[in-house]
Amino acid sequence: MRPEDCGRSVGSAGDGAEEWLLECDFTGEDLPGLRVAVGECAAWAGLTEPRWGEFVLAVNEIASNAVEHGGGRGCLTLRRCRGELECRIADEGPGFPESVIPEILPGLDGAHAGRGLWLARMVTDRLVIGGGATGAADAVSAAGAAGATGATNGSNDAAGAVVTLAVRM
């Protein structure tokens, strides 16, 4: 995690097509630093409040889930692409289908799990769940995000979950 590397481009970022901001492996011990690095890179990329705080919170929830349920570690990739700030988190866990995300706030419906996934879905414009033993690759649009569909990660035979979340810039 090196926030000073924010904005180091891979390929042509001049046309706004793609700019890699951060790529790192992490464990539970790294989560506080990961939040800082994602926040600094998101600010550098031009994301402002309130979306900045919502995005950092959503990334933290998914990264925490990767540590807790996905083998104790994960890999994060953050990039600016086609008017979005996109974060992809992959882990080595069993994976899960989109259906595990509660429709209403967990606790109100009797569910005791899923609050982080629910929150990430609510505050992002695009949330894509892929990989895992189930082969799930489901796109979920955040409430109020008209027309946001998202694409799958293109790999249904990956071991572990791959969660991609994005917000429009």
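Computed from heavy atoms alone, side chains included, the values below leave out hydrogens, waters and symmetry copies. All values reported here derive from a predicted model rather than from experimental measurement.
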Student: For Val167 versus Val123, what's the shortest heavy-atom pair and its separation?
Tutor: CG1-O, 4.0 Å
Student: Kindly compute the distance separating SG (Cys24) from CG (Leu78), expressed to the nearest 0.5 Å.
Tutor: 9.0 Å
Student: Looking only at heavy atoms, which two atoms of Val162 and Arg88 are closest? And how far apart?
Tutor: CG1-NE, 3.1 Å
Student: Looking at every heavy atom in both Leu85 and Met169, which two are closest together, and how far apart are they?
Tutor: CB-SD, 3.6 Å
Student: Take Asp125 and Arg51 through the test side chain to side chain contact (heavy atoms under 4.5 Å, CB included) and record every step on the way to the result.
Tutor: CA-CA 10 Å; Asp125 297 313; Arg51 297 305 308 245; 3.3 Å; yes
Student: If I compare all heavy atoms of Asp91 with all of Gly93, which pair ends up nearest, and what's the gap?
Tutor: OD1-N, 2.9 Å
Student: Quick one: side chains of residues 55-75, donor-acceptor pairs under 3.5 Å with protein atoms, not counting sequence neighbours, listed by atom name and distance.
Tutor:
residue	atom	partner	partner atom	Å
Asn60	OD1	Arg35	NH1	2.7
Ser64	OG	Asn60	O	2.9

Student: Output yes when Arg126 and Glu86 qualify as a salt bridge under the 4.0 Å nitrogen-oxygen rule, no when they do not.
Tutor: yes
Student: More than 12 non-hydrogen atoms from neighbouring residues, nucleotides or ligands closer than 6.0 Å to CD on Glu29, yes or no?
Tutor: no
Student: Please find the pair of heavy atoms, one from Leu47 and one from Arg168, that lie closest to each other, and give the distance.
Tutor: CD1-O, 4.4 Å
Student: Hey, does Glu40 have a side-chain heavy atom less than 4.5 Å from the side chain of Trp44?
Tutor: no
Student: Which residues satisfy the side-chain hydrogen bond (donor to acceptor under 3.5 Å, both in side chains) test with Thr77, sequence neighbours excluded?
Tutor: none
Student: Scan Glu84, Glu19, Glu18 and name whichever one has a side chain to side chain donor-acceptor pair (under 3.5 Å) with Arg79.
Tutor: Glu18
Student: Indicate the atoms forming the closest heavy-atom contact of Leu31 with Phe26, along with that distance.
Tutor: CD2-CD1, 4.0 Å
Student: Does any part of the side chain of Cys87, heavy atoms only, come nearer than 4.5 Å to the side chain of Thr164, both counted from C-beta?
Tutor: no
Student: Is a side-chain donor or acceptor of Trp52 paired with a backbone partner of Ala42 at a separation under 3.5 angstrom?
Tutor: no
Student: Quick one: CG on Leu127 to CG on Leu165, what's the gap to the nearest 0.5 Å?
Tutor: 6.0 Å
